[in-house]
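Down below is the structure, laid out as structure tokens.
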Amino acid sequence: MLSFSSYFSPGYLALYLPAAVLLYALAGQRGRRAVLLLFSYVCFWAVSGKLIAYLLLSTLSMYHTGLWLAHDQARTKDLLEETPKEERRALRARAQTKQRRILALGLLFQLGMLVVLKYTPFFLSNYNALLQALSLPVTLRIPHFLLPIGISFYTMQAASYLFDVYRQKVPADRNLFRLALYLSFFPLLMEGPICRYQQTAQQLWDAPPLRYQNVMLGLQRMSYGLLKKILVADRLNLFIKTVFDHYEDYDGLVIAVAAVCYTIQLYMDFSGTMDLAVGAGRIFGFQIPENFQRPFFSRSIPEFWQRWHISLGTWFKDYIFYPMSMSKPLKKLTTKARKRLGSHYGPLVAGSIALYCVWLCNGLWHGAAWNYVFFGMYHFALILLGNLTEPLTVRWTGALGISRTSVPYRGFQMVRTGILVCIGELFFRANGLYNGLAMFHKMVTQFSLACIRSGSLFQMGMRKKDFLLVAVFLVVLVLVGIAQERGVHLGTRLRQSPVALRVAVYYAVLLALIIFGAYGAGYVPVDPIYAGF
């Protein structure tokens with residue numbers, strides 16, 4: 001049976017994707033649609049086996065709930081035309097109530113599967129701990145479920161579709177196969193990005209013919225992702241695992257280095273996987289939404305989250321933050337708070353309630369553990385603190401004559417943001433909240449340079465050569481990022497360069513992957529991190 005664990009597996013890169021591209025190229029438009037849908041479901045089956053039933057249930061539920069909403073909306077529209085003006089308001093209210101119930105039922109099914117499968121052990125174990133603390137002689141049995149690959153991603157896509165049909169932003173799709181392809185397209189199945197129906201559904205279904213330019217663009221993007229994952233993320237893993245699993249043996253500097261390395265690893269791993277997803281989509285001629293926009297150039301935590309995992313952040317903003325902020329209770333609260341606290345602090349009261357819910361959901365979305373909840377609350381506190389202190393910051397920088405647009409101040413903001421992000425990722429990666437707190441305490445109270453003087457830092461899974469290799473590639477990435485921030489598209493420049501230069505670059509990438517990756521000393525392949533979320 002075909003089996004592969006990730007998009008970086010030889011089976012996927014050397015066999016599965018090329019086979020899909022070849023059959024896609026040979027087929028007509030209807031055949032191309034069938035190829036995409038077939039390979040998407042075979043991919044899911046190869047990774048999750050019989051758990052494909054959950055994807056089928058999610059697809060059918062999304063399809064029928066959307067049609068139910070559309071039918072009621074059309075019926076309401078017809079009734080409004082026949083109803084006297086004085087009765088239309090009441091009719092709209094009744095119809096909206098009914099459609100909200102239909103939406104709630106659809107969301108209950110979609111999110112209910114996710115909650116039951118992913119969070120039942122977490123909730124029950126904490127409930128048992130509470131019963132034990134109260135000395136009650138009751139212990140609930142904790143079931144453990146197998147999770148289908150990508151359930152957190154495709155569930156969010158299904159929920160966004162239902163929200164948008166309810167809001168009449170998109171029409172309910174009567175084509176079950178188009179919806180099935182939207183939810184299961186195999187390059188996006190494991191780690192997203194979380195696409196909206198209006199972004200990808202129709203272009204997938206249009207299934208344009210294969211074009212040489214798209215194939216080359218896609219391969220370039222995928223090669224860049226392979227470099228990130230293989231040369232940096234995977235090479236850092238052994239050092240990170242050693243420190244996080246045995247943090248008691250190391251001082252604060254080692255823990256700090258491990259936190260920075262993990263932040264780099266997570267970015268290289270996840271953004272590298274996104275490069276493979278976007279690149280594979282581009283091979284077929286699809287424009288997949290970007291999920292990263294050089295987040296480490298951010299000058300604040302909110303800006304960082306506008307550039308990191310963009311599809312998740314916009315999902316929470318559109319379907320949790322804005323609906324809560326615009327709800328009647330919070331709008332009333334904002335009006336009262338504005339009168340008492342002013343135009344800056346007044347709206348923060350209601351906004352902070354919505355922001356709290358967003359970051360609680362964000363933490364739990366990443367995993368069913370208290371360190372993920374803490375991670376969410378950590379970023380909520382940082383954003384709230386930034387909102388509260390913004391007027392003071394403006395006043396102090398003005399009084400000190402500091403230009404907030406100057407290069408030194410922007411550099412300070414980027415360094416500060418990077419440090420805060422690394423601290424958050426320390427708790428994100430830690431083996432439980434207690435370990436995260438203990439590691440942070442050691443990092444602050446037991447900081448020492450002894451490991452550098454003795455050379456022991458280079459005996460924890462990575463040698464000096466490994467650190468040097470990672471550092472060199474990071475410099476290259478920073479330079480590429482600076483160019484992209486300035487609007488320079490290096491991929492376009494490369495395509496327009498002489499053939500000899502292009503060939504030299506392609507061979508350099510291939511040799512780097514072979515020498516420092518697949519056959520390089522110290523290289524151990526690692527499954528993509530976000531596939532576990």
Side-chain angles (χ1 to χ4, degrees), residues 224 227-228 231-233 236 240 252-253 255-272 274-275 290-314 317 355 359 362 375-376 378-429 440 443-444 447 467 470-490 529:
Y224 192 48
L227 288 173
K228 289 180 181 178
L231 266 64
V232 180
L236 287 171
I240 294 166
L253 176 60
I255 292 173
V257 172
V260 173
C261 287
Y262 177 69
T263 305
I264 295 170
Q265 181 196 30
L266 185 63
Y267 172 68
M268 294 298 175
D269 185 290
F270 195 15
S271 68
M274 291 301 97
D275 290 332
E290 296 290 346
N291 217 19
F292 289 90
Q293 289 183 349
R294 301 167 297 282
F296 292 99
F297 288 91
S298 303
R299 296 163 57 186
S300 66
I301 293 297
E303 183 185 354
F304 178 86
W305 283 100
Q306 290 168 6
R307 292 168 172 254
W308 175 290
H309 206 342
I310 298 169
S311 61
L312 180 65
T314 54
K317 178 182 69 176
L355 188 67
W359 281 102
N362 190 309
F375 170 80
Y378 170 80
H379 283 281
F380 162 72
L382 289 178
I383 295 172
L384 179 60
L385 183 62
N387 291 336
L388 293 173
T389 59
E390 178 62 18
L392 295 176
T393 303
V394 173
R395 188 182 308 167
W396 290 343
T397 52
L400 295 172
I402 299 173
S403 172
R404 290 165 60 85
T405 60
S406 65
V407 172
Y409 189 75
R410 293 204 307 267
F412 159 74
Q413 288 179 307
M414 285 190 286
V415 172
R416 176 197 61 190
T417 301
I419 292 172
L420 293 174
V421 167
C422 289
I423 293 173
E425 299 301 345
L426 168 69
F427 290 97
F428 188 86
R429 172 59 176 82
F440 181 75
M443 187 172 68
V444 173
F447 199 87
F467 278 104
V470 170
V472 168
F473 190 63
L474 287 178
V475 169
V476 173
L477 281 180
V478 169
L479 294 176
V480 171
I482 291 173
Q484 291 173 336
E485 283 286 294
R486 295 179 176 178
V488 178
H489 299 286
L490 298 178
I529 297 172

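Nothing here was measured: the structure is a model prediction, and the numbers come from that model.
- Legend: residues meeting side-chain hydrogen bond (donor to acceptor under 3.5 Å, both in side chains) with D275, ordered by chain and number and at least two apart, are R221, K228.
- In terms of heavy-atom proximity, A233 sits nearest to D269 at CB-N, 3.8 Å.
- Residues L227 and L477 fail the side-chain proximity criterion, which asks for heavy atoms closer than 4.5 Å.
- Residues satisfying the salt bridge (Lys or Arg N to Asp or Glu O under 4.0 Å) criterion with E485, sequence neighbours excluded, are R294, R307.
- Going from atom CZ of F375 over to atom CD1 of I423 covers 12.5 Å, rounded to the nearest 0.5 Å.
- Counting heavy atoms from C-beta on, the side chains of W308 and V421 never come closer than 4.5 Å.
- One distance of note links CZ of F440 with CD1 of I255; it measures 11.0 Å at 0.5 Å rounding.
- Atom CG in L420 sits 5.0 Å away from atom CD1 in I301 (nearest 0.5 Å).
- Residues passing the ring pair (Phe, Tyr, Trp, His ring centres under 6.0 Å) test with F380 are Y356, sequence neighbours excluded.
- Nearest heavy-atom pair, A259 versus C422, reported as atom, atom and distance to 0.1 Å: CB-O, 4.0 Å.
- Scored by the side-chain contact (heavy atoms from CB on, under 4.5 Å) test, V488 finds A483, L490, R493 as partners (sequence neighbours excluded).
- Residues forming a ring pair (Phe, Tyr, Trp, His ring centres under 6.0 Å) with F467 (at least two apart in sequence, or on another chain): F239, F458.
- Each salt bridge (charged side-chain N to carboxylate O under 4.0 Å, His left out) pair with one or both residues in residues 380-389, not counting sequence neighbours, would appear here, but there are none.
- Screening residues 408-427 for salt bridge (charged side-chain N to carboxylate O under 4.0 Å, His left out), with sequence neighbours left out, gives no hits.
- Among all heavy-atom pairs drawn from F304 and P295, the shortest one is CD1-O, 3.4 Å.
- Contact record, L384 with L355: N-CD2, 4.5 Å, taken as the closest heavy-atom pair.
- Using a 4.5 Å heavy-atom threshold, the side chains of I482 and F297 count as touching.
- Remark: L385 engages T389 in a side-chain contact (heavy atoms from CB on, under 4.5 Å) (not counting sequence neighbours).
- Summarising the geometry, atom CD1 belonging to I419 is positioned 11.5 Å from atom OG1 belonging to T263; distances are rounded to the nearest 0.5 Å.
- Listed by first then second residue, pairs satisfying salt bridge (charged side-chain N to carboxylate O under 4.0 Å, His left out) with a partner in residues 257-268 number zero, not counting sequence neighbours.
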For M443 and L426, run side-chain contact (heavy atoms from CB on, under 4.5 Å): C-alpha distance rounded to whole Å, both residues' side-chain angles, the deciding distance at 0.1 Å, then the answer.
-> CA-CA 10 Å; M443 187 172 68; L426 168 69; 4.2 Å; yes
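- Under the side-chain contact (heavy atoms from CB on, under 4.5 Å) criterion, V470 pairs with V232, R235, L236, M462, L474, not counting sequence neighbours.
- Between Y267 and F296, the ring-plane angle classifies as perpendicular under the 30° and 60° cut-offs.
- Every side-chain hydrogen bond (donor to acceptor under 3.5 Å, both in side chains) that W305 has, sequence neighbours left out, goes to H379.
- Under a 3.5 Å cut-off, the side chain of N291 and the backbone N or O of S311 do form a donor-acceptor pair.
- The CD1 atom of I310 sits 7.5 Å away from the CD atom of E290 when rounded to the nearest 0.5 Å.
- In this structure, M274 CE and H309 NE2 are separated by 7.5 Å, a value rounded to the nearest 0.5 Å.
- Within the structure, the side chain to side chain donor-acceptor pair (under 3.5 Å) test picks out the following pairs touching residues 393-407 (sequence neighbours left out): E390-R404, S403-T405.
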